[in-house]
Amino acid sequence: MPAKINVALSVGPRRPDGFHQLRTVFHAVSLYDTVTAAPASELRLSLDGEESGGVPADRRNLAWQAARLLAERAGIEPAVRLVVCKRIPVAAGLAGGSADAAGTLLACDRLWRLSLSTAELTELAALLGSDVPFALHGRSALGTGRGEQLTELPASGGWHWVLALADGQLSTPAVYAELDRQRAAGDDQPQQPALDAVPAALDSGDPDRLAPLLGNDLQPAALALAPYLRDTLAAGERAGALAGLVSGSGPTCAFLARDSRHARQLATAIGAGGSCRAAYPVAGGVAGATVLDGPPLDSPAGTG
Ligand code: C5P
């Protein structure tokens, strides 16, 4: 299951349910977690992979919640052994937990032979988190509501980005709360992402057309909580990225490249600059959660 970035993210007012009204363009990128689901007598979860440190392997984990929710909906016991291999960093603005939940829904649906429709899985995904429907969907999509209502965009793939991973983490609720605080104090700096022009720019496949449209209303709040991100953004600019922004609630930064070669050059330069933990070239507009192994009876079902 892929990570996501938000090419543009426009945050409206806080709603009575505590969530903020959003308009965003989600874009799936080729940094993947995988989930393996195997038959078991009860729900068990374990984690591996280089980004699994400190991730809870219990009911706090969104993959656990996804298996419980799907079993409940189907009226069966959540009898599955899940192994989540984490390469997407946690609390990074990349929706890694949402990716794991989406993959778990798909893998358990296959393992338990439920054959839910995409619409049914998407409905369950929205109950798990605002970004989970997009993790199922992938490619590029317009997200509205709290982010869970998706409109597919006819975007071509073939985009090239660099993800600059941070040493620290940011809590999504804390970043939204900081934005509320800035707005209440009148010291916010509206980014006013040029969202309406993004679908056509994505469709054109022209990175020079997309570059000036990147924007994220959460960026000033993320920068206030993690001022070191200014150095990362500056490093991307110096290295010659077409544009850069904080991904979602951060602290990962995403930089737009002209092509794959440019992305590799940028990643090397940004990574060498020391302002981030690591910098990876990734492809953008990739498919969402996918079943990797077929479902012969009683064999594991893996999603990636
Ligand atoms: O939906 P999800 O569980 O990923 O949201 C995590 C937190 O992010 C919410 O509890 C809320 O504080 C914040 N959030 C928000 N508005 C959104 C999405 C998330 O305020 N549209």
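Every value quoted in this text rests on a predicted model; they were computed, and no experiment measured them.
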[X] to [Y] - nearest heavy-atom pair and separation:
X	Y	value
S52	L47	CB-CB, 3.9 Å
A91	P251	O-CD, 3.3 Å
A289	P2	N-CD, 3.9 Å
G244	L233	C-CD2, 4.1 Å
V7	L245	O-CD1, 3.6 Å

Would the distance check show the side chain of [X] and the main-chain N or O of [Y] forming a donor-acceptor pair, the cut-off being under 3.5 Å?
X	Y	answer
D167	R277	no
E148	D131	no
H160	P207	no
R81	A38	no
W112	A79	yes
D33	I88	yes
S247	G93	yes
T290	G288	yes
N216	G248	yes
D109	S115	yes

Using 0.5 Å steps for rounding, measure from the [atom1] atom of [X] to the [atom2] atom of [Y].
X	Y	atom1	atom2	value
K86	Y32	NZ	OH	14.5 Å
S98	L128	OG	CG	9.0 Å
T232	E237	OG1	CD	12.5 Å
R110	L105	CZ	CG	13.5 Å
L195	L213	CG	CG	9.0 Å
T104	L111	OG1	CG	11.5 Å

Would you please classify the geometry between the H20 ring and the Y176 ring as parallel, tilted or perpendicular, with 30° and 60° separating the classes?
parallel
Around atom [atom1] of [X], are there more than 12 heavy atoms of other residues, nucleotides or ligands at under 6.0 Å?
X	atom1	answer
E72	CD	no
R59	CZ	no
R146	CZ	yes
R261	CZ	no

In one Ile/Leu/Val/Met/Phe/Trp/Tyr side-chain cluster, 4.5 Å: [X], [Y]:
X	Y	result
L70	V83	no
F134	L31	no
L214	F26	no
L127	L114	yes
L124	V84	yes

Is the shortest side-chain heavy-atom distance between V198 and H27 below 4.5 Å?
no
